[in-house]
Engineer: 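This structure is in structure tokens; I'll ask about it shortly.
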Amino acid sequence: MSTNSFPLRSRLRTVTDHAVTGLTILATVVVVTPLVAIFAYLVYKGASSLNLAFFTQIPKPVGVAGGGMANAIVGSAILLAIASAIGVPIGIGGGVFLAEFGRGTKLANAVRFTADVLNGVPSIVMGLAIYALIVIPQKHFSALSGGVALGIMMIPTVCRTTEEMLMMVPHAVREAALGLGVPNWRSVLSITVKTASPGIITGCMLAFARVAGETAPLLFTALGNDFWSSSLNQPIAALPLQIYVYALSPYDDWHRLAWAGSLVLIVLIVLAVSLVRYVTSRGVLKGAS
Amino acid sequence: MSANLPEIRARQIPVQKLKPPAAQKSAPSMPPTPEPSPVRRFLLARGNSALADRGFHWLMVLCALSIFGIVALILWQLILRSQLSWHAFGFRFFYQSFTDPDSGRKMYWDPVNSQFSAVPFIYGTLLSSFLALLLAVPLAIGVAVFLTEMCPRALRGSLAFLTELLAAIPSVIYGFWGFFVLVPLLREHVNPLLVQWLGWTGLFNNDNPTGLGFLAAGVILAIMILPIISSLTREVMTAVPHSQREAVLALGATRWEMIRMGVLRNARIGIVGAIILGLGRALGETMAVTMVIGNTPEIHRSLLSNGSSMAAVIATQFTEAVGDMHLSALIELGLALFIVTIIVNAFAQLLVWAVTRGAPVQTH
């Protein structure tokens, strides 16, 4: 029985193989195209309207050219500060529990599972819950409620990245610390968490960048504001909210401001994502995330 | 990898029992002992840290438990605030319709007369998510196959990075871009062709000149969920052991046959999980959908018609709701969305875990 009578590599099979290769390459191109298109369009539209006034002035009334989003940038910064104050410590704490204390226990598995599920809960639902919890009793929209909504959204992300980063720390490091008689809490804080800290910090930045672009939970918590406001008890402007309102407005001036705002947001996010990749591609944390 | 190593339990290490030998005190006549080493001095000076250790442990447990707390809090608040609408409509909220007293037409959402039904929003959410899956799934799997099995190593990292970036773009920017670039594109070039070629199916009627609608929402959603599906698919495909691929190749398979029989077949449960996870994201997506779906509480068979989705109606009507019943109905929609996404996500997570559990740590 020679191979010639059984053509193992028939023409059809080879053609199919090549066709599929072509299709997957096509799919990749189709997927990368919108990304490139979005970026190119943002840079094209945003760069032309990005100037100093954008960062220093508050919006001008309709019909008056110029103006900026300074109040929205400051508002976003305040909201994100509140969010980080809530999300980062609790998230890191949860991650430390998962990686250091609860490995393999039922509780840890349940927490991990719930965190992953919570990560997929629509952000608008978070906004609704915080509206019911804080805005209804207070009877007015406030910066505080917006910050809390964003903070709660940060917790699961920070928690899971912290856990992943801590898992990358070699056991020998922990054993060395404990072998010297260092108490466990000190070993966790000064040895394990410190070793993983570049990863944890960038993980927090990633969560930060994600909630920086969140609009839905702010719609009925922070509400938005056309003027300066730094009170936590007042409605406050936020960059993504302002982009949403201006994008749907009929005025070209406002569209330009919205494009510039989008560009600023995107640059922030690209920086965060690149940083995470840079950190996880070297040192002890190689391969994490 | 870590599970094989022994547990470290600091409290069992008997360092606290290290005390200075009693001999030192009872025999002053002996020659002076040499200065203890720094490590020993540290151990001698240190108090009992069991309390601090236990406190720290419980603090971390508390942080971890807060995640359950958040879920419970959301559920409790949403149930509490949707009581009004629940008592008024009960389960009928999810399937009823009304007749408009003025025009005699069928209506679903009438804030003025306090009549509410979720039907058009459920329809819009399901239809746009289904369209998104239809467009995104083949592309996402294609990308995942290309990246894990065919792509040259040099290109892999940057392509994976690009798809990751796609996942990080805020939803409001997708909506903005969709509104100004995608919708005009669909309106001018794609929709006329669809009407011309597929108009006979009844799914594409040329009665909406705006270009907004279910199709635009579906396309934007597809772009948004692509990176999630493709990165998870990549993860489960990487988790398939190399021996499977080698075995199929050794039998004389071509590369595609190897991928089909060796990889996709083994990873199929995880891939279904990834798709369902993408569905979960699509169901709850708010801003981008709100900006391109048109926001009318109507049911149309044509994909080119305006519609609305559960998240979109909450986003657009909540701040200007008329009366408590309207607010309560919107919160009930939110509650339904929450429960559905929790179930969908939990199911998907279990499927993905079933495949990746015990797999080696993924490296890029």
Side-chain angles (χ1 to χ4, degrees), chain A residues 8 13 16-17 20-21 23-25 27-28 30-32 34-35 38 41 90 93-94 96-97 101 104 111 113-118 120-122 124-125 128-129 132-133 152 156 167 171 174-175 178 180-181 183-185 213 215-216 219-220 240 243-244 247 258 262 265 269-270 273 277 287, chain B residues 2-3 5 8 10 13 15 43 49 52-53 56-57 60-61 63-64 66-68 70-71 74 77-78 81 139 142-143 145-146 150 161-162 164-166 168 170 172-173 176-177 181 223 226 252 254-256 280 284 286-287 311 314-315 318-319 331 334 337-338 341-342 345-346 349 361 363:
Chain A
L8 280 176
R13 290 174 62 204
T16 315
D17 188 44
V20 170
T21 311
L23 279 179
T24 60
I25 293 174
T28 313
V30 169
V31 170
V32 174
L35 179 76
I38 290 174
Y41 200 73
I90 298 183
V96 167
F97 168 76
F101 296 106
V111 169
F113 185 74
T114 317
D116 279 348
V117 170
L118 198 61
V121 165
I124 194 153
V125 173
L128 277 181
L133 189 72
I152 286 181
M167 295 291 240
H171 267 286
R174 296 188 183 99
E175 281 156 11
L178 294 174
L180 287 174
N184 198 17
W185 66 271
T215 317
L219 283 171
F220 23 83
I243 294 172
Y244 171 61
S262 310
L265 260 186
I269 285 160
V270 170
V273 175
R277 272 197 90 78
Chain B
S2 52
L5 293 172
I8 304 170
I13 296 174
V15 277
L43 290 175
S49 67
D53 261 354
F56 185 69
H57 185 166
M60 297 300 111
V61 172
C63 287
S66 73
I67 288 179
F68 297 124
I70 293 169
V71 174
I74 296 174
Q77 282 296 334
L78 293 184
R81 304 290 178 186
L139 287 175
V143 171
V145 166
F146 180 70
M150 301 173 178
F161 178 61
L162 278 178
E164 233 170 78
L165 270 186
L166 209 51
V172 67
I173 294 183
F176 195 11
W177 180 81
V181 180
I223 298 177
L226 247 166
T254 61
R255 185 161 61 173
W256 162 241
T286 313
M287 301 318 296
I314 299 173
F318 201 82
T319 42
I331 293 181
L337 196 59
F338 179 65
T341 47
I342 283 270
N345 279 317
Q349 208 70 57
V361 177
T363 49

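Since the structure is predicted, the reported quantities are computational estimates derived from the model, not experimental observations. Values below: every heavy atom of this structure, side chains too, minus hydrogens, waters and symmetry copies.
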Engineer: Quick one: which of A:Gly213, A:Gly120, A:Ala115, A:Pro240 has the most heavy-atom pairs under 4.5 Å with chain B, could you say?
Structural biologist: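 Winner by heavy-atom pair count: A:Gly120.
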
Engineer: Should the ring pair B:His57 and A:Phe97 be called parallel, tilted or perpendicular, given that the plane angle runs from 0 to 90° and is split at 30 and 60?
Structural biologist: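 It falls in the tilted class, 30° to 60°.
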
Engineer: Let me see the working for A:Leu219 and B:Met287 under side-chain contact (heavy atoms from CB on, under 4.5 Å), right down to the final yes or no.
Structural biologist: CA-CA 10 Å; A:Leu219 283 171; B:Met287 301 318 296; 4.1 Å; yes

Engineer: Is chain B contacted by the side chain of A:Leu118, its backbone, both, or neither, given a heavy-atom distance below 4.5 Å?
Structural biologist: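 Only the side chain of A:Leu118 comes within 4.5 Å of chain B.
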
Engineer: Let me know if A:Val30 has heavy atoms under 4.5 Å from chain B in its side chain, its backbone, both or neither.
Structural biologist: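 A:Val30 touches chain B through side-chain heavy atoms alone.
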
Engineer: Is there a side-chain contact (heavy atoms from CB on, under 4.5 Å) between A:Ile124 and B:Phe318 once you walk through the steps?
Structural biologist: CA-CA 11 Å; A:Ile124 194 153; B:Phe318 201 82; over 6 Å; no

Engineer: Considering only heavy atoms, which portion of B:Ile223 lies under 4.5 Å from any heavy atom of chain A: side chain, backbone, both, or neither?
Structural biologist: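 It is the side chain, since no backbone atom gets that close.
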
Engineer: Go through the atoms of A:Val270 and report whether side chain, backbone, both or neither lie under 4.5 Å from a heavy atom of chain B.
Structural biologist: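 Both the backbone and the side chain of A:Val270 come within 4.5 Å of chain B.
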
Engineer: What residue, out of A:Ile152, A:Leu265, A:Leu133, A:Val32, has the most heavy-atom pairs lying under 4.5 Å from chain B?
Structural biologist: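 Of A:Ile152, A:Leu265, A:Leu133, A:Val32, A:Leu133 has the most heavy-atom pairs under 4.5 Å with chain B.
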
Engineer: Answer with side chain, backbone, both or neither: which region of A:Phe113 has an atom nearer than 4.5 Å to a non-hydrogen atom of chain B?
Structural biologist: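 The answer is both parts of A:Phe113.
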
Engineer: Let's test your reading of the structure: which of A:Pro156, A:Gly93, A:Ala129 forms the most heavy-atom pairs below 4.5 Å with chain B?
Structural biologist: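 With the most close heavy-atom pairs to chain B, the winner is A:Gly93.
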
Engineer: Quick one: of B:Val71, B:Ile331, B:Ile74, who has the most non-hydrogen atom pairs under 4.5 Å with chain A?
Structural biologist: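 Among the listed options, the one with the most contacts to chain A is B:Ile74.
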
Engineer: At a heavy-atom separation under 4.5 Å, does B:Leu226 approach chain A through its side chain, its backbone, both, or neither?
Structural biologist: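 The side chain, not the backbone.
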
Engineer: Answer with side chain, backbone, both or neither: which region of A:Leu23 has an atom nearer than 4.5 Å to a non-hydrogen atom of chain B?
Structural biologist: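 Neither part, no heavy atoms under 4.5 Å.
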
Engineer: Given that the side chain runs from C-beta out, which part of B:Ile173 has a heavy atom under 4.5 Å from chain A: side chain, backbone, both or neither?
Structural biologist: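 It is the side chain, since no backbone atom gets that close.
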
Engineer: Mind ranking B:Gly334, B:Ala346, B:Gly280 by heavy-atom pairs under 4.5 Å with chain A and telling me who comes out on top?
Structural biologist: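 Highest number of heavy-atom pairs under 4.5 Å: B:Ala346.
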
Engineer: Go through B:Trp256, B:Phe176, B:Trp177 and name the one with the most non-hydrogen pairs under 4.5 angstrom from chain A.
Structural biologist: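 Of the options given, most contacts go to B:Phe176.
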
